[in-house]
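Everything below concerns the one structure shown next.
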Amino acid sequence: MNSSFKLDTHPRRPRPLMSEPPAGYFDQLPGRVMARLPQTQARETATAWRWLAQLSPTLRTGLASVAILGSFAASFWLSGSPPLAPAPMPTAVLDAVPHAELVGYLLSSGTQVENADLAVLTAARPSIANGFLHASAEELTEVLDAQPSDETMYL
Amino acid sequence: MEDHEILRKFQDPASRNLAFNQLVRKYQSKVYWHVRKMVIDHADADDLTQDVFVKVWKHLENFRQDAALFTWIYRIATNECLGFLSSKRRKFLLPLTDVGADLAAKIEADPALAGDEIELKLQRAILRLPDKQRLVFNLRYYDEMPYEQMAEITGTSVGALKASYHHAVKKVEEYVTRSMGD
């Protein structure tokens, strides 16, 4: 005859007889858990957008519509061609070139430059052609006087 | 570190990770064994223990402290275990007894039980209990947890827990007695 089993008489253990987890398991577990946690940045982002979830569906739909219309308006505004800058006048470009360089270019380009060509320039700035224009002030004045008046008025 | 200290530090983003690390170190063994007793297999227990702490991390900010921290963690662990066993049953379309048999096969293969016939029969008997009743049995018999705390964890009344444990003990004793005659 079998005696009946009584739990009270069986030696009580804090847990069933089971093999222990691998050595060092509980030393590594915290690190493995920490590695699985969502990133703090993602958590903060989620928190930052939590207010959106708390809005009513109607309000959320309205907000979405406004956002879409706003993005359309912004893209339309930004896609327009930028205002055209006024084209610089040709003389303005020439004005930016130093006179000495202009004179040097004229002298080296093979073109015969005569006193008449540079008379106006030296009249405005007497020292500019000192290095290469061998003409006295009187000679230049004569050349200028000899030019037709309709040409000089445009210089 | 005391629970209130862990919770206080967890609220501060600068010390949150450190506080949570302390929490895991403090409760990992209890959670692991609570889970292991339910799922038997170490690999499953390992996965579930990690899942439990990840859930604790996600919800600790909203922990209202109307229960002890440990009770709250135990509740999460309990739900994870029951969910795991339930999904396992659904996944393989297994009836309750087959899941018990699967767990029994695992525990029989455990070298720690080799040669201890009575203990083996006891474990087989426990694994034949329905999941929730087995949970009650584990909490009371192995952890010697007060019924009031068990009630907080399981969301069941003290009276119902006492009745459940009483029936569980009877079933276990009957099974072991019967199997001793085999």
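This is a predicted model, so every value here is computed, not measured. Order of the sequence lines sets the chain letters (A, B, ...), proteins ahead of strands, with each chain counted from 1.
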side-chain contact (heavy atoms from CB on, under 4.5 Å) assessment of A/M34 paired with A/L37 | CA-CA 5 Å; A/M34 296 306 286; A/L37 298 180; 3.8 Å; yes

Does any heavy atom of chain A fall under 4.5 Å from the side chain of B/L122, the backbone, both, or neither of them?
-> side chain

Members sharing A/I68's hydrophobic cluster, built from side-chain contacts under 4.5 Å between Ile, Leu, Val, Met, Phe, Trp and Tyr, are A/F72

Part of residues 71-81 of chain B lying next to chain A, heavy-atom separation under 4.5 Å = none

Classify the ring geometry between B/F20 and B/W57 as parallel (under 30°), tilted (30 to 60°) or perpendicular (over 60°).
-> perpendicular

Tell me the salt bridge (charged side-chain N to carboxylate O under 4.0 Å, His left out) pairs involving residues 137-152 of chain B, sequence neighbours left out?
-> B/K37-B/D143

Heavy-atom proximity to chain A below 4.5 Å, by part of B/N138 = neither

So, B/H34 versus B/Y142: side-chain donor-acceptor pair below 3.5 Å or not?
-> no

Sub-3.5 Å donor-acceptor pair from the side chain of B/K26 to the main-chain atoms of B/M1, do we have one?
-> yes

Which pairs with one or both residues in residues 158-176 of chain B pass side chain to side chain donor-acceptor pair (under 3.5 Å), sequence neighbours excluded?
-> B/Q133-B/K171

Assert top hit (heavy-atom pairs under 4.5 Å, partner chain B, pool A/S19, A/P14, A/P22, A/G31) equals A/S19

